[in-house]
Amino acid sequence: MMRILLSYPLSVNTPVYKDNPPVEIQQQSSIDQGDLYNQFIITSLNHNGTHIDGPWHFNPRGLKISEIPIDYFIFTHPTILDIPKGDD
């Protein structure tokens, strides 16, 4: 079975839309610095990187992404199109 990665890993290099601020990842605690655990603060807009917009994003009467059943996103025979796009 062939698998194709369709998502961008969340990092400071995650692609962002137009002038959105980039993803910021700041270490808040560090075992190397004597803390009991490693922990990070991640700051990102919901439109950075790979995401799904629910209908509510464009339509105030549409469903929010949290209102769409998870089964809606399970596909048995997906089709993948390779469509080149510009910077925008």
Side-chain angles (χ1 to χ4, degrees):
M1 171 183 359
M2 183 172 83
R3 294 181 186 250
I4 298 173
L5 182 63
L6 298 177
S7 299
Y8 291 103
L10 187 62
S11 77
V12 296
N13 298 315
T14 298
V16 299
Y17 180 72
K18 293 201 176 213
D19 296 325
N20 282 2
V23 174
E24 294 179 18
I25 301 175
Q26 176 186 7
Q27 191 157 8
Q28 192 266 341
S29 61
S30 167
I31 293 172
D32 289 343
Q33 300 295 317
D35 295 315
L36 297 176
Y37 49 84
N38 292 310
Q39 180 166 276
F40 296 83
I41 298 170
I42 300 171
T43 305
S44 180
L45 293 178
N46 62 323
H47 282 102
N48 287 350
T50 306
H51 67 280
I52 299 173
D53 285 329
W56 181 72
H57 178 63
F58 296 102
N59 178 350
R61 291 187 288 272
L63 293 175
K64 295 179 180 178
I65 196 71
S66 60
E67 297 171 332
I68 300 173
I70 193 67
D71 291 348
Y72 181 82
F73 302 103
I74 298 172
F75 306 98
T76 55
H77 300 288
T79 300
I80 298 174
L81 304 176
D82 185 6
I83 302 172
K85 76 181 214 67
D87 291 341
D88 289 336

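Judged by distance alone, with hydrogens and angles left aside, the side-chain atoms of Asn48 form a donor-acceptor pair with the main-chain N or O of Pro21 at under 3.5 Å. Of the possible polar contacts, one joining the His51 side chain to the Gly49 backbone as a donor-acceptor pair under 3.5 Å is found. Thr50 places a side-chain N or O within 3.5 Å of a backbone atom of Tyr8 that can act as its donor or acceptor partner.
Counting heavy atoms from C-beta outward, Val23 and Thr43 have side chains that stay 4.5 Å or more apart.
Here Asn20 contributes atom CG and Thr14 contributes atom OG1; the two are 12.0 Å apart, rounded to the nearest 0.5 Å.
Residues satisfying the side chain to side chain donor-acceptor pair (under 3.5 Å) criterion with Asn38, sequence neighbours excluded, are Gln27. Asp35 is linked by a side chain to side chain donor-acceptor pair (under 3.5 Å) to nothing, counting only residues two or more places apart in sequence or in another chain. Looking at residues two or more places apart in sequence or on another chain, you find a side chain to side chain donor-acceptor pair (under 3.5 Å) between Gln39 and Gln28.
Ile41 forms part of no hydrophobic cluster, judged by ILVMFWY side-chain heavy-atom separations under 4.5 Å. Alongside Tyr37, the hydrophobic cluster contains Leu36 (criterion: ILVMFWY side chains under 4.5 Å).
With a 6.0 Å radius and a threshold of 12 heavy atoms from other residues, nucleotides or ligands, Tyr72 has its OH atom at or below the threshold. Other residues, nucleotides and ligands place more than 12 heavy atoms under 6.0 Å from the CZ atom of Phe40.
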List the atom pairs, donor and acceptor, that lie under 3.5 Å between side-chain atoms in residues 54-69 and the rest of the protein, sequence neighbours left out.
| residue | atom | partner | partner atom | Å |
| --- | --- | --- | --- | --- |
| His57 | NE2 | His47 | NE2 | 3.2 |
| Asn59 | OD1 | Arg61 | N | 2.8 |
| Glu67 | OE1 | Lys64 | N | 2.8 |

